[in-house]
Each structure stands twice: as C-alpha cells, then as structure tokens.
S.K.: 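For reference, the structure I am asking about is given below.
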Amino acid sequence: MALRQLTMAPRTRAQLAEKMAAKDVPEQVATDVLDRFEEVGLVDDGAYAEAYVHSRSRSRGKRALAQELRRKGVDEETARDALEGVDDATEEQAARELLRRPLAASRGLDRAARQRRLAGVLARRGYPPGLVMRLVREAIGEDEAAADADPPD
C-alpha cells in the first residue's frame, strides 16, 4: 500500500503513516515499514520539502509554503532548511510576476479597488504584508505612469 502511494507521487512520512492508519495497519508494522523506507531512501522528508519549495516558490510566499509543509507533516526544522533556498529577492520577483495579469485586468477600477484586489492576490498566496503593499503601490504607479505616457488613439 505504501509503495503504491509513492508511485503516484512523493509523500512525507506523516502522509504515509496517515494512509496506513486509515487502512487499519497496526502501528508497529507501519513504523517498521516507514523506517525501512527511510533507510533505503524511498521516504525522505528533507528531499520532499526541497522539491516542494522549489516547485511552488514561483507562486507562493515563504509563509504559505511553510504552512503547506506543516500540513503535509514536515517538521519545522526540515521546512526551515528547505525554505532557506528562497531568498527575499527570489520571493519578491515571484510576487511581481504574479501581479502582471491581475494588474492589467484591474485597469478600469479606481485606485483603492485596484489596491485591494491586487493585495488580495498576493496575500492569499502567503506573501508578507509589507512586501505586498510596497509591490502593489509600485505596480499601480508604474501602470498609471505608462498609461499617461501612452495617450489613447
């Protein structure tokens, strides 16, 4: 059963333990199987966390990634180690990329509505409030400046 779970997608030790418990696998048997899987490298929460952060850091802030890893059963230290690979500049660049489409879609709205909408996009993805507000103000300012510089036909 545990091997079948791993063939579908990588899993953390906690996720596999949860699946095994749901199927009424005795706790000692589950522990023995998971210990063996760790020994041979089939289950590695550190590698899982690194891969997870790498694949999702373009669309999520560090805070959201940390929460998602906790929900998947990755311990705090392992999650922190995986998140060290995401520096502030990388996080900021990812947030800027995420603002592009909703920024263009919000052009007909007043400034306050644009700020709320764009801030919500980043906040829901776990970006820190200070970064969110700074990037939203910058993006709207640049967009308005570009619109003023490019008069309609």
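Any value given below was found using the heavy atoms of this structure, including those in side chains, with hydrogens, waters and symmetry copies removed. Bear in mind that the values here come from a model prediction, so they are computed numbers and not experimental data.
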S.K.: Less than 4.0 Å between a side-chain N and a carboxylate O, is that true for Glu68 and Arg60?
M.R.: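 Here Arg60 pairs with Glu68 in a salt bridge, since their nearest N and O are under 4.0 Å apart.
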
S.K.: Provide the closest heavy-atom pair for Asp110 versus Ala112 in the form atom of the first, atom of the second, distance.
M.R.: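 Closest approach of Asp110 to Ala112: OD1-N, 3.1 Å.
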
S.K.: So does Glu39 pair up with Arg36, basic N to acidic O under 4.0 Å?
M.R.: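 A salt bridge links Glu39 with Arg36.
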
S.K.: Going hydrophobic residue to hydrophobic residue with side-chain gaps under 4.5 angstrom, can you get from Val121 over to Met133?
M.R.: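 Each belongs to a different hydrophobic cluster.
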
S.K.: Which heavy atom of Leu83 sits nearest to which heavy atom of Ala66, and what is that distance?
M.R.: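 For Leu83 versus Ala66, the nearest heavy atoms are CD1-CB, 3.7 Å.
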
S.K.: Where is the tightest heavy-atom contact between Tyr48 and Lys72, given as atom of each residue plus distance?
M.R.: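 Scanning both residues, the minimum pair turns out to be OH-CD, 3.1 Å.
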
S.K.: Would you call Arg134 and Glu138 a salt bridge, using N to O less than 4.0 angstrom?
M.R.: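 Salt bridge flag = yes for Glu138 with Arg134.
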
S.K.: Any chance you could measure Arg58, atom CZ, to His54, atom NE2, to the nearest 0.5 Å?
M.R.: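 Those atoms lie 9.5 Å apart.
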
S.K.: On a heavy-atom basis, which atom in Ala82 and which in Val53 lie closest, and how many Å separate them?
M.R.: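 Smallest heavy-atom distance, with atoms named: O-CG1, 3.7 Å.
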
S.K.: Quick one: does Asp88's side chain get under 4.5 Å of Lys62's, heavy atoms only?
M.R.: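 Contact flag for Asp88/Lys62 side chains = yes.
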
S.K.: Under 6.0 Å from the CD atom of Gln93, do we count more than 12 heavy atoms belonging to anything else shown?
M.R.: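 More than 12 within 6.0 Å, yes.
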
S.K.: Under a single-linkage definition using a 4.5 Å side-chain heavy-atom cutoff for Ile, Leu, Val, Met, Phe, Trp and Tyr, are Leu131 and Leu65 assigned to the same hydrophobic cluster?
M.R.: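 Different clusters: Leu131 never reaches Leu65 through Ile, Leu, Val, Met, Phe, Trp or Tyr contacts under 4.5 Å.
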
S.K.: Could you tell me if Asp87 and Thr90 have a donor-acceptor pair between their side chains, going purely by distance under 3.5 Å?
M.R.: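 The answer is yes; a qualifying pair exists.
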
S.K.: Just verifying a value: how many Å separate Glu142 CD and Leu99 CG, rounded to the nearest 0.5 Å?
M.R.: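 So the CD of Glu142 and the CG of Leu99 are separated by 10.5 Å.
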
S.K.: One pair to check against side chain to side chain contact (heavy atoms under 4.5 Å, CB included): Ser59 and Arg125. What are the steps and the verdict?
M.R.: CA-CA 7 Å; Ser59 63; Arg125 292 180 182 242; 3.5 Å; yes

S.K.: Before accepting this row, confirm whether a basic side-chain N of the pair Asp75/Arg13 lies closer than 4.0 Å to the acidic partner's carboxylate O.
M.R.: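 Looking at Arg13 together with Asp75, the answer is no, because their closest N to O distance does not fall below 4.0 Å.
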
S.K.: Checking side chain to side chain contact (heavy atoms under 4.5 Å, CB included) for the pair Leu135/Tyr127: CA distance, chi angles, key distance, verdict?
M.R.: CA-CA 11 Å; Leu135 292 181; Tyr127 289 95; over 6 Å; no

S.K.: Under 3.5 Å, side chain of Thr78 to main-chain N/O of Gly46, donor-acceptor pair present?
M.R.: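 Checking the backbone N and O of Gly46 against the side chain of Thr78, no donor-acceptor pair under 3.5 Å is found.
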
S.K.: Should Ile140 and Val132 be regarded as members of a common hydrophobic cluster, given that ILVMFWY residues are connected when their side-chain heavy atoms come within less than 4.5 Å of each other, either directly or indirectly?
M.R.: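 Same cluster: Ile140 reaches Val132 through Ile, Leu, Val, Met, Phe, Trp or Tyr contacts under 4.5 Å.
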
S.K.: Has Arg117 got more than 12 heavy atoms of other residues, nucleotides or ligands less than 6.0 Å from its CZ?
M.R.: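 No, not enclosed.
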
S.K.: Taking transitive links into account, so neighbours of neighbours count too, which hydrophobic residues share a cluster with Val33 at under 4.5 Å side-chain distance?
M.R.: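 Joined to Val33, directly or through intermediates: Met1, Leu3, Leu6, Leu16, Met20, Val25, Val29, Leu34, Phe37, Val40, Leu42, Val43.
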
S.K.: Please report the shortest heavy-atom distance between Ala94 and Ser57, naming the atom on each side.
M.R.: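 That would be CB-O, 3.6 Å.
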
S.K.: Please assess Asp143 against Arg114 for the test salt bridge (charged side-chain N to carboxylate O under 4.0 Å, His left out), listing each intermediate value before the final yes or no.
M.R.: CA-CA 11 Å; Asp143 191 58; Arg114 288 182 89 184; 2.7 Å; yes

S.K.: Might you work through the side chain to side chain contact (heavy atoms under 4.5 Å, CB included) test for Glu76 and Asp81, ending with a clear yes or no?
M.R.: CA-CA 9 Å; Glu76 290 292 323; Asp81 290 345; over 6 Å; no

S.K.: Would you compute the distance between atom OG of Ser106 and atom CZ of Arg116 and round it to the nearest 0.5 angstrom?
M.R.: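 Spacing of OG (Ser106) from CZ (Arg116) equals 11.5 Å.
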
S.K.: Linking I/L/V/M/F/W/Y whenever their side-chain heavy atoms sit closer than 4.5 Å, directly or via other members, would Val86 and Val74 fall into one cluster?
M.R.: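 Yes: a chain of side-chain contacts under 4.5 Å links Val86 to Val74.
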
S.K.: Decide yes or no on side chain to side chain contact (heavy atoms under 4.5 Å, CB included) for Gln15 and Gln5, but give the supporting numbers first.
M.R.: CA-CA 9 Å; Gln15 287 173 316; Gln5 288 293 313; over 6 Å; no

